Amino acid sequence: MTSSAKSPRTLHVITHGCQMNVYDSARMTDLLRPLGYRVVNAPEGADMVILNTCHIRERAEEKVFSQLGRLRKMKEGQGGAMMIAVTGCVAQAEGEVLARRAPFVDLVVGPQAYHRLPELIAAAHRRQGVVIDTDFPAEQKFDHLPDDAAPQGVVSFLSIQEGCDKFCSFCVVPYTRGAEASRPAAGVIAEARRMVAQGAREIALLGQNVNAYHGEGPDGGEWSLARLLYALAEIEGLERLRYTTSHPNEMTEDLIAAHGDNPKLMPFLHLPVQSGSDKILGAMNRKHKADEFRRIVEALRAVRPDIALSSDFIVGHPGETEEDFAATMRLVEETGFALAYSFKYSPRPGTPAAALPQIEEAVKDARLQQLQALLRAQQAAFNAALVGRETPVLFTGPGRHAGQSAGRSLWLQPVVVEHQANLTGTIGRVKITRANPNSLAGQIVSKEQIAA
Ligand code: SAH
Ligand code: SF4
Ligand code: F3S
């Protein structure tokens, strides 16, 4: 490395989209730190701005172009002295379009090429015009990322799997993230140990299809997600494990069983089902029926009665009739969700469903409102049921107001207590006194560290 490469520079990172993008943004920052880049909180005046993008729905993409418009003005105001890099799923899907529509961008880097960022930056410094790298290289990007990552905190995220081979009719992810690939277990375990040494008490394993994990085990054999979770549970000081996002077709017997006998695995699962209509599930290429989802939920509740479920839903997929939508409402009513995300179907370029006759916007709006009202009521009921109960809370930091500590429950709810002393990193017993729509308030009953 030349000495000039280490001169102090400032970096601002803007992250859209899913947790995998959040993780990737942190890794890119780790990669650039040795080059002399220091993170700043605002883009104004920064030497480099990374816009890490999401392509999942039209709105997400529009945000990227409007944000680029603002960055362009700032760059001009700085006499051009701002390197702009667009990364993430819009970079992957629209690399050439971006270079044409936003020629003031210096770098377009797809999610598989982040380990090459330092050389790409050097190339961008050398030449005029946009440098694009959206290849899907054979080597794994994770193998090239630095070991000296900045600590994430009490709750840390760890990517273990990337990509998707499922090709749901509506979804861009298989095109932007490429084929399913799993990290070898040894690297995952080493990263988890480092996170725990840096203060992590809870680790959430990430992947677009995380339960399709099939990484190489230290013994040379193939490890399932369940196997990996047992190995991670042995790390001393690590108290809580989660994984997200899962596909129903990958909820294998061993993974369901792990929810019953891996005590560090939290009783909360995000399991997107998208629709309750078998016809629409078929049209979506989900390759399972609504009843199979019901059976998985039943099996999970049998081994872990306090498990809470979360899901994703799409309304207004091409072909969805009132009856199909009613089937979705029925599935939600029967299942009972602690939390759920619901979206209007958004046609994405290049995906099969985008080419089909579309449902009217007003119909989509009405269905979304109806579904969200039900989901909100279920979430409120789930939160309200905890009032008066004692439950372990992992404290993650101070609350918003002075004298408060904030943490999260077993079921991912934010919990606030009035407490002066610093509780960060400890698990305390809390009596829940109030439920809000999206959070809980409580009182400390015991500060004693309680093991999972
Ligand atoms: N890998 C995860 C999540 C993918 S994206 C999975 O397979 O479940 C997160 C959510 O966005 C999806 O679950 C889906 O509900 C929603 N989504 C994806 N594409 C969409 C589209 N074209 N329009 C509306 N919602 C979409
Ligand atoms: Fe998209 Fe379907 Fe893959 Fe999930 S499983 S990332 S919704 S294609
Ligand atoms: Fe968005 Fe890409 Fe994640 S499209 S949801 S950032 S995988």
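Whatever order the structure lists ligands and atoms in, that order sets their numbers, starting from 1. On a predicted model such as this, the values are computed, not experimentally measured, just so you know.
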Among non-hydrogen protein atoms, atom 3 (Fe) of ligand 2 lies closest to Cys164 SG, 2.2 Å
Can you name the atoms of ligand 2, numbered from 1 with element, that are less than 4.0 Å from a heavy atom of Cys168? 2 (Fe), 5 (S), 7 (S), 8 (S)
Just to be sure I read this right, does ligand 3 sit under 4.0 Å from the backbone of Met20, its side chain, both, or neither, counting only heavy atoms? neither
Which of the numbered atoms in ligand 2 are under 4.0 angstrom from any heavy atom belonging to Phe167? 8 (S)
What is the nearest protein non-hydrogen atom to atom 1 (Fe) of ligand 2, stated with its residue, atom name and distance? Cys171 SG, 2.3 Å
Using 2.8 Å as the threshold, say whether any N, O or S atom from His247 sits that close to atom 2 (Fe) of ligand 2. no
Quick test: of every protein heavy atom, which one is nearest to atom 16 (C) of ligand 1, and how far off is it to 0.1 Å? Arg57 NH1, 3.2 Å
Among all the protein's non-hydrogen atoms, which is closest to atom 5 (S) of ligand 1, and how far away is it? Ile56 CD1, 3.4 Å
Atom 4 (S) of ligand 3 sits nearest the protein heavy atom His55 N, 3.2 Å
Taking non-hydrogen atoms only, is Pro272 closer than 4.0 angstrom to ligand 1 via side chain, backbone, both or neither? side chain
Arg286 touching ligand 2 at heavy-atom level, < 4.0 angstrom: yes
Under a 4.0 Å heavy-atom limit, does Phe343 contact ligand 1 with its side chain, its backbone, both, or neither? side chain
Protein heavy-atom partner closest to atom 20 (C) of ligand 1 - residue, atom, separation in Å: Phe170 CD1, 3.7 Å
Who's closest to atom 2 (Fe) of ligand 3 heavy-atom-wise, of Ala60, Cys18, Cys89? Cys89
For ligand 2, does Asn209 get within less than 4.0 Å through its side chain, its backbone, both, or neither, judged by non-hydrogen atoms? side chain
Nearest neighbour of atom 1 (N) of ligand 1 from the list Gln208, His55, Glu250, on a heavy-atom basis: Gln208
Using heavy-atom distances, let me know which of Gly88, Gly17, Ala93, Cys54 sits nearest atom 1 (Fe) of ligand 3. Cys54
among protein heavy atoms, the one nearest atom 14 (C) of ligand 1 is Gln274 OE1, 3.4 Å
If you measure only the distance, is there a donor-acceptor pair under 3.5 Å linking the side chains of Asp312 and His270? yes
Could you tell me, atom by atom, which parts of ligand 2 come under 4.0 Å of a heavy atom of Pro174? 8 (S)
May I ask you to list the atoms of ligand 2 that are less than 4.0 angstrom from any heavy atom of Lys166? 3 (Fe), 5 (S)
Which protein heavy atom lies closest to atom 10 (C) of ligand 1, and at what distance to 0.1 Å? Asp312 OD2, 3.3 Å
With a heavy-atom distance limit of 4.0 Å, tell me whether Lys344 approaches ligand 1 through its side chain, its backbone, both, or neither. backbone
